[in-house]
Amino acid sequence: MRVLIRTDASTSIGSGHVMRCLALAEVLARSGMEVKFIARQMPDSLIARIRSAGFESICMQPANSSSCTGSLAHSHWLRMGPLEDAKETIRTLTTLGDVDWLIVDHYGIDATWEQLVREHVGRLFVIDDLADRAHVCDLLLDQTLDSGAAERYQKLVPVLCRRLLGPRYALLRSEFIRERTKKPVHTGKVNRLLVFLGGSDPGNYTSIALDALDLIKKRRFQVDVVVGSINVHRGDIERRCREMPDVRFHCDVLDMASLLAASDLVIGAGGTNTWERACLGLPSIVIAVAPNQRVQTAAMAELGAIIELPARDLSPQVIAGAITMLMANPDRLCEMSRISAGLVDGRGAERVARELSAAPLVLRRATAADSDALHQWRNAEEVRRYSHDSAPIGLDTHRTWLMSVLADQARDLLIAEQNDRPVGVLRYDRCGTSATVSIYLVPGHSGQGLGPRILLAGDRWLDHHHPEVRTVIAEVLPDNKASARAFIEAGYEQGPETYIKRLRR
């Protein structure tokens, strides 16, 4: 498979979008895919980082910021009109041959751009965390910790768009999994503190953090300060670090996981780095340095995973006070570590890569010849556990039920197959313009992301066979969290007692 990633980086954009795409690219490459990057803005240091990882970085013609047009909050990131950028992207695509997936991670791009470009690629995958614009995509990722994420995208993506929501899909490089397995349980002591407020840090919060460290008398911990080469204050920060005792300066760190793993406390920004710290169970003092980081930062603080400090009117005294308070509360540091580590396991890129490489699903009607297999699947303990009737079903009772379902013109019993092997069972009970759906996976196929894919395949099946159906309803037992997540990722809205999806034709 051939994958193209469209993203940008600069002092104002930061480097987080590129870094999370690079994490995904590395997993895709290991699975045999060919991955290339395409950008209009990209610092030389990041181009070198991409190429050192083994990927080609295609640079489009630079644009004059004065020519920027668009109504999006981040239109200026594109530095030109979306139609012009789309046309140049298409010209690049025509030189590459067939592209199976185009991945877009860019706040300045929306459905206008996507509608033009998607005709020239197999499928389109959008990475977003703002939910402030419409998308025309097949797959969407928002790794923000936000219980309302599903509702935010309800009218912004196509009805058949698969949604990967939450930090379980956080795009982290493989070294974070490695360090997570080695890192010991937090002891509540702080021997080493790390300061990293983003690769560019245009607000220069790093200097405020250094001022805070100067206020802490008789400091007994080592400090690591990390910046990117695109940080315009880099020289001043490096000079200050040399003058402070037990402070080490780092620029463009290649192995951030090891440096984080050696730390006991972090002063950091919101955004992508949040999940790197959480994966390693690092207590953090977090500053939402950009508006789009506030929702996630607030949610993390509410859980007790971090200490949140307001970016507005931030002072060295406030940061110093937070550090001193945490160092005096080892139990709280341990609890913050435990909560953080429980949010992210570091395997998000693997889950996303599995979605991109998944073989197509085919739905077929069940027949009487499927009777014994259906009976065996339905009676498996992992299926019965979440059924409304969890008792085993006798073979004669099952056969009678199956014959009645197959003969009922208002019911559809479907078997989902992948690579010619059954992976799930889907049933629709139709009544006028609505249908009730039930689903279970063939035993042994859980944990592969099949549930949402089967439900979306069912939407397409209904569109073809029963276009009169406009609403699909599902009932999910309260403790069946995996099934609930599957319906959410397939675009269902959670109601008081049911999950509902309205099929916009």
Side-chain angles (χ1 to χ4, degrees), residues 183-228 231-251 253 256 258-270 273-274 276-278 280-289 293 297-298 300-301 304-341:
K183 188 168 176 61
V185 175
H186 203 294
T187 63
K189 296 181 180 180
V190 177
N191 297 315
R192 195 164 171 180
L193 179 145
L194 184 140
V195 177
F196 179 48
L197 288 143
S200 60
D201 186 18
N204 199 17
Y205 294 101
T206 304
S207 293
I208 301 177
L210 291 176
D211 292 339
L213 293 172
D214 275 336
L215 296 176
I216 300 177
K217 305 302 182 183
K218 297 182 180 179
R219 176 167 53 82
R220 293 185 177 87
F221 53 85
Q222 181 180 309
V223 179
D224 294 283
V225 177
V226 180
V227 302
N231 188 321
V232 297
H233 307 284
R234 180 184 60 184
D236 290 339
I237 293 170
E238 183 176 6
R239 176 187 54 77
R240 289 195 61 185
C241 290
R242 286 200 304 265
E243 296 171 351
M244 297 175 67
D246 295 321
V247 176
R248 294 191 296 185
F249 174 84
H250 308 264
C251 183
V253 174
M256 190 67 180
S258 295
L259 193 58
L260 281 169
S263 305
D264 304 301
L265 178 64
V266 177
I267 301 174
N273 301 120
T274 298
E276 296 175 353
R277 299 187 299 262
L280 299 177
L282 273 172
S284 303
I285 298 169
V286 180
I287 304 161
V289 301
Q293 298 176 2
T297 302
M300 293 280 284
I306 65 170
I307 297 294
E308 178 188 17
L309 299 183
R312 179 179 294 182
D313 300 325
L314 184 68
S315 69
Q317 290 77 11
V318 170
I319 297 177
I323 296 172
T324 303
M325 181 273 293
L326 286 175
M327 293 186 66
N329 288 272
D331 290 344
R332 183 167 184 181
L333 284 167
C334 293
E335 182 68 1
M336 290 169 67
S337 176
R338 184 191 65 79
I339 295 172
S340 294

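Throughout, numbering of the chain's residues begins at 1 and tracks the sequence. All heavy atoms count here, side chains included; hydrogens, waters and symmetry mates do not.
For the pair Val195 and Tyr205, the minimum side-chain heavy-atom distance is 4.5 Å or more. The side-chain heavy atoms of Ser340 and Arg277, taken from C-beta on, include no pair separated by under 4.5 Å. Contact annotation: the side chain of Leu213 never approaches that of Arg240 to less than 4.5 Å [non-hydrogen atoms, C-beta and beyond]. The side-chain heavy atoms of Leu210 and Met244, taken from C-beta on, include a pair separated by under 4.5 Å. In this structure, the side chains of Leu326 and Val190 stay at 4.5 Å or more apart for every pair of heavy atoms.
Residues Gly198 and Ala269 approach most closely at N-CB, 4.5 Å, considering heavy atoms. Heavy atoms only, all atoms of each residue included: Pro330 and Gly188 are closest at CB-O, 3.4 Å. Scanning both residues, Ser337 and Gly281, for their nearest heavy atoms gives OG-O, 2.5 Å.
A side-chain contact (heavy atoms from CB on, under 4.5 Å) with Ile267 holds for exactly one of Val286, Ile323, Val225, Leu194; it is Ile323. Screening Ile208, Thr297, Leu197 for a side-chain contact (heavy atoms from CB on, under 4.5 Å) with Ile287, the sole residue that qualifies is Leu197.
In this structure, Leu333 CG and Met325 CE are separated by 8.5 Å, a value rounded to the nearest 0.5 Å. Here the CG atom belonging to Leu265 is positioned 7.5 Å from the CZ atom belonging to Phe221, to the nearest 0.5 angstrom. If you take CD on Glu276 and CG on Leu282, they are separated by 10.5 Å, rounding to the nearest 0.5 Å. Atom OG of residue Ser258 and atom NZ of residue Lys183 lie 11.0 Å apart, to the nearest 0.5 angstrom.
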Tell me which donor-acceptor pairs under 3.5 Å the side chains of residues 306-322 have, and how far apart each pair is, sequence neighbours excluded?
| unit_1 | atom_1 | unit_2 | atom_2 | d |
| --- | --- | --- | --- | --- |
| Ser315 | OG | Val318 | N | 3.2 |

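Residues forming a side-chain hydrogen bond (donor to acceptor under 3.5 Å, both in side chains) with Thr206 (at least two apart in sequence, or on another chain): Asp201. Take Arg248 and apply the side-chain contact (heavy atoms from CB on, under 4.5 Å) test, not counting sequence neighbours, and it matches Arg192, Gln222, Asp224, His250. Under the side-chain hydrogen bond (donor to acceptor under 3.5 Å, both in side chains) criterion, His186 pairs with no residue, sequence neighbours left out. Arg332 meets the side-chain hydrogen bond (donor to acceptor under 3.5 Å, both in side chains) test with no other residue; sequence neighbours excluded. Legend: residues meeting side-chain contact (heavy atoms from CB on, under 4.5 Å) with Arg239, ordered by chain and number and at least two apart, are Asp236, Arg242, Glu243.
Judged purely by atom type and a 3.5 angstrom limit, Glu238 has no side-chain atom pairing as donor or acceptor with the backbone of Arg234. Asn329 places no side-chain N or O within 3.5 Å of a backbone atom of Asp331 that could act as its donor or acceptor partner.
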